[in-house]
2 protein chains.
Amino acid sequence: MLDKLEYLIALSREQHFGRAAETCGVTQPTLSAGIKQLEETLGVLLVQRGSRFIGFTAEGERTLDWARRIVGDSRAMREEINALRHGLTGQLRIAAIPTALAMVAQLTTPYRARHPDVRFTIWSRTSIEILTLMENLEIDAGLTYLDNEPLGRVNAVPLYQERYQLLTAADAPLGNRERVTWKEVGHVPLCLLTPDMQNRRIIDGLLRAAGGDVQPTLESDSMILLFAHVRTGRWASVMPARLAETLGLTATIRAIPIVEPEAVHTIGLVVPPREPLTPLAAALVAEAKRLAATLDT
Amino acid sequence: MLDKLEYLIALSREQHFGRAAETCGVTQPTLSAGIKQLEETLGVLLVQRGSRFIGFTAEGERTLDWARRIVGDSRAMREEINALRHGLTGQLRIAAIPTALAMVAQLTTPYRARHPDVRFTIWSRTSIEILTLMENLEIDAGLTYLDNEPLGRVNAVPLYQERYQLLTAADAPLGNRERVTWKEVGHVPLCLLTPDMQNRRIIDGLLRAAGGDVQPTLESDSMILLFAHVRTGRWASVMPARLAETLGLTATIRAIPIVEPEAVHTIGLVVPPREPLTPLAAALVAEAKRLAATLDT
DNA sequence: TACCACGATTGAAATTTTCTATCGTGGCGA
DNA sequence: TCGCCACGATAGAAAATTTCAATCGTGGTA
């Protein structure tokens, strides 16, 4: 039964019987039969059947909710019992938005000092993908915006405030300023994240509100790539203050606060709304609270 | 896996491998192997092994908690999906303390009017047994005291206040009074519930506080039996006001309020702290809230 | 000391699960 | 319009697992 529920979750993730079967490590007929058996025991159709996967029925969606919860709880049970015997071990899966990636090290480093047997896997993902991954039990925690676009069903721990700076060469236009306005930034050719990133949508909004138009010269989903371009001294970008500090400024590259308005967004840790949390996730939340205290103001 | 967790719950209920197996509809070796397999997948001992069942290990108790939750959720899933298709059907299992049994009809009658396909099973149990039954997923709801002795992990809906009256023949000692004190009641030979009932412990406490000693002439776990004795005109008892009304007073039997102090205890519906509730339980909670509104004050 | 209750163990039988191979269907491009 | 292709369903054989009846071993008890 539990494995059938896993099949259902995989199917919702992959939207495809064959691929779902593969991720579960079984063949396609096995997964098909599993879903059909679920349908029989529940007495309802769960999947809209055509010649290919179309979607779930209303009952299927509801069952999916329960499946996520039940499967999640059974994994949490295993993890907790294991932790009772062997302390915190295993793998912690985290996804973070690109602008928060640098902050992850502030969490993982003290975490590892306390719990050396935990291994980490960290993905760079959009805020929307983070929520989907969390729904589907593919990550244990996420680092994302808490206050801008709607959050799904998660518990959140605020970590720090994201403030925006223009990153540019000192000898470029605006390079000598102590502060610049969003309107001014709108007239500079920029390297920005791609529009599927919430950070980009925030910056777009701020630029438009200042009456400017958004004309990025270069887009990427990688902050490293953006930063590398800025480093050449020939490009400019908009980055959160903390990230710019972490990446390291040189004599020739300046980070200039952007005002009018001095926009601020909250970044935080999100974890599944499970009670109790898995031990690994609970320890991460504890770490996040400690970190938040040191970052305050 | 799910069935193994059911075995664990059954074992905690029966404290005996053979009986637990029987209630699960399998043989004893099957249940033994199931528990052992659980122990292997979790990598810990769950049961203290002697030549017979001794108890669970700490890890076993923790696993039991998870098992109750996971098994409860999977049943709730089945029930909810079934309700989506066929409306509310199936069986609602309720346990009530004896003094609240008469009130059950106030819940079941309107419930059945709304949902005619639901069948009821109702047990008379002590307040402690009700909590145990709920823990072990053997009942869907209970009717018990909310305010006197510690309640377990449940959600509660207050229903009504229990006030105490002396039930006695009009021509017996105290039979002509408008009110009597607990001290006076302490001097009358009484029919009371057995001491495993919380109602009895409450009355004991009140009698002792009034300086009297508790000397029941007759004890039973059945309110019907107590009432039948009172009906003969030769015995007296202490009953909640509402129950006395429901059982029906005759010209010769009077219900006399007991004061000093005018003790009051809250009775309510308790349901498992599951979110969401099963549809059957949720409907009962709705009914209880309606009833509570009509009973107010 | 002998018995008894209880849970573990064993080995065979039954059931369930899983796989490979193949079928049928609907969509899509030539 | 036809033919191909991707996808999920189906069938049947093989493998894995679960379950059971029978029996054993161990403590506790008379």
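Throughout, a chain's letter reflects where its sequence line sits, starting with A, and its residues are numbered from 1.
- Across the protein-nucleic acid pair, I54(A) atom CD1 and dT25(C) atom C1' stand 12 Å apart, rounded to whole Å.
- Regarding contacts with the backbone of dA9(D), a side-chain N or O of S32(A) is found under 4.0 angstrom from either OP1 or OP2.
- With rounding to whole Å, L11(B) atom CG is found 13 Å from dC6(C) atom P.
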Legend entry - T278(A)/R75(A) under side-chain contact (heavy atoms from CB on, under 4.5 Å): CA gap, chis, key distance, verdict: CA-CA 8 Å; T278(A) 67; R75(A) 290 188 195 167; over 6 Å; no
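- Side chain of T144(B) to main chain of I97(B): no donor-acceptor pair is present (N/O by atom type, distance under 3.5 Å, no hydrogens or angles).
- Side-chain atoms of F17(A) lie closest to dG8(D) of the nucleotides dG8(D), dC6(C), dC19(C).
- Remark: D204(B) engages R200(B) in a salt bridge, criterion side-chain N to carboxylate O under 4.0 Å.
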Legend entry - Per-nucleotide protein contact string for nucleotides 21-30 of chain D (B base, S sugar-phosphate only, - none; heavy atom under 4.0 Å): BB----S---
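- With rounding to whole Å, Y7(B) atom OH is found 8 Å from dT19(D) atom C1'.
- In the set dC19(C), dC20(D), dG7(C), dC20(D) carries the atom at the smallest distance from any side-chain atom of V26(B).
- Side-chain atoms of R125(A) do not come within 3.5 Å of backbone N or O of E129(A) as any donor-acceptor pair.
- Donor-acceptor pairing under 3.5 Å is lacking for the side chains of T41(B) and Q37(B).
- For the pair T30(A) (side chain) and V26(A) (backbone), a donor-acceptor distance under 3.5 Å is absent.
- E14(A) CD: more than 12 foreign heavy atoms inside a 6.0 Å radius.
- A sub-4.0 Å separation between OP1 or OP2 of dA6(D) and a side-chain N or O of H16(A) is absent.
- For the pair E14(B) CD and dC6(C) C1', the interatomic distance rounds to 15 Å; values are reported in whole Å.
- Regarding M1(A), its CE atom lies at a distance of 17 Å from the C1' atom of dT18(D), rounded to whole Å.
- In this entry the distance linking CD of E22(B) with P of dC20(D) reads 12 Å, nearest Å.
- A distance of 15.5 Å separates NZ of K36(B) from OH of Y7(B), quoted to the nearest 0.5 Å.
- In this structure, Q15(B) places its CD atom 17 Å from C1' of dA5(C), rounding to the nearest Å.
- Residues of residues 34-49 of chain A that place a heavy atom closer than 4.0 Å to DNA chain C, in numerical order, are Q37(A).
- Rounding to the nearest 0.5 angstrom, the gap separating the CE atom in M77(B) from the OG1 atom in T63(A) is 6.5 Å.
- Nucleotide dT18(C) holds its P atom 10 Å from the CG atom of L31(A), rounded to whole Å.
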